There are 2 protein chains.
Amino acid sequence: MNLPPLVQTFVLHFGEMGSRWGINRTVGQIYALLFVSKEALNAEDIVDRLGVSRSNVSMGLKELQAWNLVRLQHKPGDRRDYFSTPDDIWQIVRTLVEERKKREIDPTMTLLREVLMQEPASAEERHAQERMREMHDLFELLTGWYADVQRLDTERLVQLLTLGSKVQKILEMKDRLFVVPGSRKSRRADAEDK
Amino acid sequence: MNLPPLVQTFVLHFGEMGSRWGINRTVGQIYALLFVSKEALNAEDIVDRLGVSRSNVSMGLKELQAWNLVRLQHKPGDRRDYFSTPDDIWQIVRTLVEERKKREIDPTMTLLREVLMQEPASAEERHAQERMREMHDLFELLTGWYADVQRLDTERLVQLLTLGSKVQKILEMKDRLFVVPGSRKSRRADAEDK
DNA sequence: CCGATATTTCAGAAAATTCTGAAATATCGG
DNA sequence: CCGATATTTCAGAATTTTCTGAAATATCGG
């Protein structure tokens with residue numbers, strides 16, 4: 001591995017971290033390297049810096065392209081492929097969330113919808129279905145929220161995130177201003193546990 | 001595998017999905033099974049229903065306990081351990097987010113802070129550090145938002161999620177009501193790409 | 001079309017992980 | 001303390017994933 005120490009630390013960390021996500025070490029390392037590189041790199045550059053085989057890099061880049069996490073570009077008078085990550089880190093976040101949703105949430109939602117159509121054949125199945133419906137509704141709520149904020153431009157998104165739960169305060173203020181007092185809001189028996 | 005068809009579908013799906021998260025098939029299956037079960041199950045129950053070895057179940061349950069995703073309880077006059085998931089699905093979400101943060105974000109933040117302390121020894125390292133700072137600040141913003149909303153009770157959290165980006169509208173309204181017009185907000189050169 | 005260069009494919013080697021059965025350990029009631 | 005039952009540990013088998021080198025394929029300029 002042929003990298004400045006500071007970069008190497010980062011790349012190694014991402015390689016290890018990769019396995020906690022669904023990606024392998026090399027893919028994690030390639031991504032980390034591209035992320036911190038000023039210039040786009042070609043496959044051979046990556047081979048030199050990471051010290052892995054050319055074919056491994058080829059496969060890794062393909063996977064990153066399938067994830068839309070990496071951009072392919074060309075330099076004039078050079079027919080090799082050059083790769084880079086978007087400069088805008090928020091674009092990266094958006095892609096990451098989008099792709100994870102596509103791979104993890106969407107298939108599960110499809111399955112849940114199918115299973116929820118079926119007729120339960122026992123009390124056990126009936127209870128299982130109820131639980132699956134809870135999960136389905138939860139995912140629906142979360143993906144709905146996501147679909148919604150995902151449309152915001154970055155500035156507004158950051159604004160919203162910075163606000164955090166203080167939004168709550170503003171909502172309460174809005175309620176006090178515009179809602180007929182005592183129009184029912186509180187007291188919704190939510191038997192939490194733990 | 002000895003399960004009602006509807007449950008089996010769900011359990012198998014979670015088993016496969018497991019590998020996209022950091023957990024193995026058996027752990028995914030055990031969790032799915034516990035999630036849809038009305039009653040708490042003991043290890044032997046799980047062995048019977050999933051058809052995997054007793055030792056595999058033992059290790060799987062240990063891992064789920066390490067993730068805080070599973071509760072250990074006892075039945076009177078029975079000294080076996082019984083396991084279940086929380087009834088409240090929001091409690092599950094909170095635990096999941098908390099644990100993933102602990103395992104994935106926190107170590108990365110620690111590393112980023114360390115690396116950002118160092119003196120860059122070249123232009124390349126300087127640029128890499130800048131990128132790492134962007135990532136650091138992004139994580140800071142996201143975890144700050146999380147720490148904030150995580151404190152909300154479930155009812156308010158659902159309220160907020162249901163609102164989605166409509167919060168934005170309310171914020172604008174607030175601005176119009178309370179802020180001196182033209183006090184600067186717009187025009188923040190954000191050179192997006194893509 | 002040719003030769004040079006770039007990239008991909010893929011079979012099998014290497015490595016990592018998952019899973020099992022057997023043994024060890026722990027805990028209970030009596 | 002003993003026997004019965006429950007759980008954990010762990011070495012190695014089975015499986016899966018990752019990685020490599022060699023060959024195949026693709027694409028370019030001329």
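To find a chain, count down the sequence lines: A is the first, B the second, and so on, and within it residues start at 1. Only a predicted model underlies this, so the values are computations on that prediction, with no experimental measurement involved.
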Nearest-neighbour nucleotide for the [X] side chain, [options] considered:
| X | options | value |
| --- | --- | --- |
| A:R54 | C:dT8, D:dT7, C:dT20 | C:dT8 |
| B:N56 | D:dT7, C:dT20, D:dC19 | C:dT20 |
| B:N24 | D:dG21, C:dT8, C:dC19 | C:dC19 |

Could you list the protein-to-nucleotides 28-30 of chain C atom pairs, N/O on both sides, closer than 3.5 Å?
none

Any side-chain donor near an acceptor of the partner, B:N68 and B:T95, under 3.5 Å: no
Quiz question: by atom type and distance under 3.5 Å, do the side chains of A:E63 and A:Y31 form a donor-acceptor pair? no
Kindly say whether B:Q168 contributes a backbone atom to a donor-acceptor pair with the side chain of B:S165 at under 3.5 angstrom? no
Strictly distance-based, threshold 3.5 Å: is any side-chain N or O of B:R49 a donor or acceptor partner for the main-chain N or O of B:M1? no
How would you label the contact of B:S19 with the nucleic acid (heavy atoms, under 4.0 Å): base, sugar-phosphate, or nothing? nothing
Do the charged groups of A:R131 and A:E134 touch, with an N to O distance under 4.0 Å? yes
Does the distance from a Lys or Arg side-chain N to an Asp or Glu carboxylate O, for B:K102 and B:E99, drop under 4.0 Å? yes
Assess B:K75 against B:Y82: is NZ or CZ under 6.0 Å from the centre of the six-membered ring, and within 45 degrees of the ring's axis? yes
Answer yes or no on whether B:R103 is positioned over the face of B:W67, meaning its NZ or CZ is under 6.0 Å from the six-membered ring centre and within 45° of the axis. yes
Would you indicate, yes or no, if [N] has its OP1 or OP2 atom less than 4.0 angstrom from a side-chain nitrogen or oxygen of [X]?
| X | N | answer |
| --- | --- | --- |
| A:S58 | C:dT8 | yes |
| A:K62 | C:dT9 | yes |
| A:R80 | C:dT5 | no |

So does B:R133 have more than 12 non-hydrogen atoms from other groups sitting under 6.0 Å from CZ? no
Measure [atom1]/[X] against [atom2]/[N] and give the value in whole Å, please.
| X | N | atom1 | atom2 | result |
| --- | --- | --- | --- | --- |
| B:E63 | C:dT17 | CD | C1' | 12 Å |
| A:I30 | C:dT7 | CD1 | P | 13 Å |
| B:M1 | C:dC19 | CE | P | 11 Å |
| B:L64 | D:dT8 | CG | P | 13 Å |
| A:Q73 | C:dA6 | CD | C1' | 17 Å |
| A:L61 | C:dT9 | CG | C1' | 15 Å |

Close approaches to DNA chain D from residues 35-50 of chain B, in residue order (heavy atom, under 4.0 Å): none
With a 4.5 Å limit on heavy-atom distance, are the side chains of [X] and [Y] in contact?
| X | Y | value |
| --- | --- | --- |
| B:F35 | B:F10 | yes |
| B:V11 | B:V7 | yes |
| A:L50 | A:L33 | yes |

Protein-nucleic acid N or O pairs under 3.5 Å, nucleotides 10-13 of chain D:
none

DNA chain C nearest-nucleotide lookup for A:Q65 and B:R25: closer to the 5′ end is A:Q65
Go ahead and name the base partner of D:dA26; Watson-Crick or wobble counts if both distances stay under 3.5 Å, otherwise write none. C:dT5
Any strand is fair game: report the nucleotide pairing with C:dT18 by Watson-Crick or G-U wobble, both distances under 3.5 Å, or none. D:dA13
